Structures are given as structure tokens and as C-alpha cells.
Amino acid sequence: MKNILVVTLFLFTGSFFGQELSDKEIINKAIGFLKVNEKDLLTDKICLKVIPKQKEKVIILVPVKTNIDPECDYCFDIDNNILVWNKSTKSIETKYTKKAEWTSDAMCLDELKIDTGLYYLNKNTRAFGIRYSYSGSSRVNPFSSDSINLYYFRNNQIVEVLHDFELERSNGDNGGIDGCKSAWFETSKSVFIISDKLTTKFNDITVKTKFKDYSLDEDCEKEIIKKESIKSSVLKFDEKQKKYVLVQ
């Protein structure tokens, strides 16, 4: 009798968990909810991620092409669609859309990703990020950047609290016909430092940025550092704008 009960329980449990949708199925539910034309989707950049400490909820990012230039295959704007899937109710719980959030032209949008780092705005609010990276098409003057938007949940709505903050940048000149003898490059990389002394007010976010200027040796292999520096600044929450602004 015990063996029968064990087998029955196993079969029921397996059937219950088998009902949970796969990542692909959740993405398809989000696309269907948006009612967008599949040919306008940036399929390779769609992503999703479980919300920390809320394992039943999944953030889905669905970028959609718009304002497409008929004479340029890679020239268009990109709508930012963020949705939350609730595994318990098996439904889209909330949606955020920003039209023409990003663009594609000579600067190519390389990657989109959901960042669920420890972005505590106050003791009750944890934000999440959408990070996006760009690169230029010039071989002589290479360029790349990585930026972030921060959002939080308020009354079951997604609210943007930081817009288009550049975390990393690299640009320069590879020397062209002169080779690496005349090449030069500049880079910057920022990190957020969030205090663990949290209150009910939105916390200041310290930003530490490391700058580096360098050239290359004649073999184009070794970096020759010309200048390095570190700068600290602060992101403060502006009550009027309801967003974080950079204070030098």
C-alpha cells in the first residue's frame, strides 16, 4: 500500500511541475500579449530572467523594430517592451513600453540583457537594470559603450528611475596606414557603490569611474599606459524629476 501511495504522489508531483512553461513558451506568451508582427522582432536580443526573491515572477525584455528606413537594412528605432510573467497565475502581470528607446544606424546595438544586481534604492525597494551595448562600424576609429537603465516596481507598475547611464566606453584610433605607432585609445569603466545603511528615502548611489589613456607598441600587442585616473561622483534622486541625476 505504501509503495502505491509513493508512486501516486510521484506521478502527481511530476504532472504538476510539468505544467510550468519553458522559457521559449513564456517568450511566446509575451509576444502574443504585445500583438506585434514577428518580422519586426529583434529575436536574437529577446531575453528573460527570474526576479530574485520572487521566483514565481519572470522579467521578459522584447525589443521591437519601428520607424524602419526602407532604404537601409540596419537603420531603425527599437521599442523597449518589459513584461512580467507570473508563473502562479500563468499570465502577464504588468507591461512597460517606451517607444524608440534605442536606435540602430552606423552605431549597432550589440546586446540587451536584464541585470538583477543588488540595486537597493532604499530598505524596501530593489531595482533591476536593462543593460545595452553599442559598437561603431569604423575600423579606423573603433568605439563601444555599455549603458544601463534602472527600474523598480511600484503598485505593480514598472517605473524607470535611471535613464541611459553609461557604465563603460572605449574609443580611439588604431593608427590607420601608420599602424600601431600612432594608435591611441581611451577607456572608462564605472561601478555603482550602494550603501548598506538604507532608510525609507531613496539612497544616494556612489559612482566610481576609472579612466585610462594608452597607446600600443609597434607589434600592436602591449599597452603603453599614458594616463590613469579615478573619479568619484554621486547619483542623487531628484524629487521633481522622479529620477536619479548625476552630481559631480
Side-chain angles (χ1 to χ4, degrees), residues 42 44-45 47 49 61 63 65 72 74-80 82 98-119 121 127-151 160-176 178-194 203-217 220-238 241 243-248:
L42 286 176
D44 62 325
K45 293 177 175 57
C47 53
K49 198 166 190 178
L61 176 60
K65 292 186 289 185
C72 175
Y74 54 86
C75 300
F76 46 81
D77 292 330
I78 303 162
D79 291 349
N80 175 11
I82 306 170
K98 189 168 184 180
K99 297 291 186 180
E101 173 83 75
W102 304 293
T103 59
S104 173
D105 43 39
M107 299 298 296
C108 176
L109 181 66
D110 290 326
E111 184 179 26
L112 289 169
K113 59 185 177 182
I114 300 164
D115 182 353
T116 55
L118 299 176
Y119 300 117
L121 306 184
F128 68 92
I130 299 297
R131 294 182 63 156
Y132 41 99
S133 57
Y134 278 92
S135 65
S137 57
S138 172
R139 293 183 179 181
V140 177
N141 301 111
F143 171 88
S144 64
S145 69
D146 183 16
S147 301
I148 190 170
N149 293 346
L150 286 181
Y151 308 85
E160 184 187 68
V161 73
L162 177 66
H163 178 68
D164 196 27
F165 188 88
E166 188 174 75
L167 292 172
E168 296 184 34
R169 170 185 284 255
S170 176
N171 62 282
D173 188 321
N174 64 18
D178 294 330
C180 295
K181 289 182 180 180
S182 58
W184 61 268
F185 301 93
E186 298 174 339
T187 65
S188 65
K189 185 173 184 178
S190 298
V191 294
F192 290 163
I193 301 172
I194 299 177
N203 196 48
D204 289 352
I205 301 174
T206 300
V207 183
K208 284 199 172 181
T209 306
K210 182 177 181 180
F211 298 92
K212 181 171 70 173
D213 297 352
Y214 66 96
S215 59
L216 297 174
D217 65 4
C220 305
E221 294 180 355
K222 184 179 178 181
E223 290 185 5
I224 302 172
I225 305 299
K226 298 293 185 67
K227 183 180 178 181
E228 285 186 298
S229 61
I230 296 178
K231 178 182 177 182
S232 290
S233 50
V234 177
L235 284 165
K236 285 184 173 292
F237 186 73
D238 186 297
Q241 299 183 53
K243 291 186 186 293
Y244 276 94
V245 294
L246 188 65
V247 179
Q248 301 295 337

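Predicted model, so just to flag it, every value in this text is computed and none were measured.
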Between [X] and [Y], what is the shortest heavy-atom contact and its length?
X: Thr209; Y: Ser190; value: OG1-OG, 2.7 Å
X: Asp204; Y: Val234; value: CB-CG1, 3.9 Å
X: Tyr214; Y: Thr187; value: CE2-CG2, 4.0 Å
X: Ser147; Y: Glu166; value: OG-CA, 3.5 Å
X: Asp105; Y: Tyr74; value: O-CD1, 3.2 Å
X: Ser233; Y: Leu246; value: OG-CD1, 3.5 Å

List for me each residue that meets side chain to side chain donor-acceptor pair (under 3.5 Å) alongside Asp164, sequence neighbours excluded, and say none if there are none.
-> Tyr132
The single option from Arg169, Lys189, Arg131 that satisfies side chain to side chain donor-acceptor pair (under 3.5 Å) with Asp146 is Arg131
Pick out which of Ser145, Ser144, Ser135 makes a side chain to side chain donor-acceptor pair (under 3.5 Å) with Asp110.
-> Ser135
Go through the steps for Asn171 and Asn141 under the test side-chain contact (heavy atoms from CB on, under 4.5 Å), then give the verdict.
-> CA-CA 7 Å; Asn171 62 282; Asn141 301 111; over 6 Å; no
Please check if the side chain of Tyr134 supplies one atom and the backbone of Thr103 the other of a donor-acceptor pair under 3.5 Å.
-> yes
So, the side chain of Asp79 versus the backbone of Ala100: is there a donor-acceptor pair under 3.5 Å, distance only?
-> yes
Using 0.5 Å steps for rounding, measure from the [atom1] atom of [X] to the [atom2] atom of [Y].
X: Lys45; Y: Trp102; atom1: NZ; atom2: CH2; answer: 11.0 Å
X: Ser215; Y: Lys222; atom1: OG; atom2: NZ; answer: 11.0 Å
X: Leu162; Y: Leu150; atom1: CG; atom2: CG; answer: 4.5 Å
X: Asn174; Y: Phe185; atom1: CG; atom2: CZ; answer: 6.0 Å
X: Glu186; Y: Asp213; atom1: CD; atom2: CG; answer: 5.0 Å
X: Leu109; Y: Ser133; atom1: CG; atom2: OG; answer: 6.5 Å

Working for side-chain contact (heavy atoms from CB on, under 4.5 Å), residues Asn149 and Glu101 = CA-CA 11 Å; Asn149 293 346; Glu101 173 83 75; 3.7 Å; yes
Within 6.0 angstrom of Lys236 NZ, more than 12 heavy atoms from elsewhere = no
When you compare the side chain of [Y] with that of [X], does any pair of heavy atoms fall below 4.5 Å?
X: Met107; Y: Phe143; result: yes
X: Ile148; Y: Phe192; result: yes
X: Ile224; Y: Leu216; result: no
X: His163; Y: Gln241; result: no

Going through the checks in order, is the side-chain contact (heavy atoms from CB on, under 4.5 Å) test met by Leu118 and Ile194?
-> CA-CA 8 Å; Leu118 299 176; Ile194 299 177; over 6 Å; no
Aromatic centroids of Tyr244 and Phe165 separated by under 6.0 Å = no
Using the side-chain contact (heavy atoms from CB on, under 4.5 Å) rule, take Val161 and Lys243 through it: C-alpha gap first, then chi angles, then the decisive distance, then the call.
-> CA-CA 5 Å; Val161 73; Lys243 291 186 186 293; 5.5 Å; no
Among Leu42, Asn80, Leu61, which residue meets the side chain to side chain contact (heavy atoms under 4.5 Å, CB included) test with Leu112?
-> Leu61
For Tyr119, which residues count as a ring pair (Phe, Tyr, Trp, His ring centres under 6.0 Å) partner, sequence neighbours excluded?
-> none
Quick one: salt bridge (charged side-chain N to carboxylate O under 4.0 Å, His left out) partners of Lys65, sequence neighbours excluded?
-> none
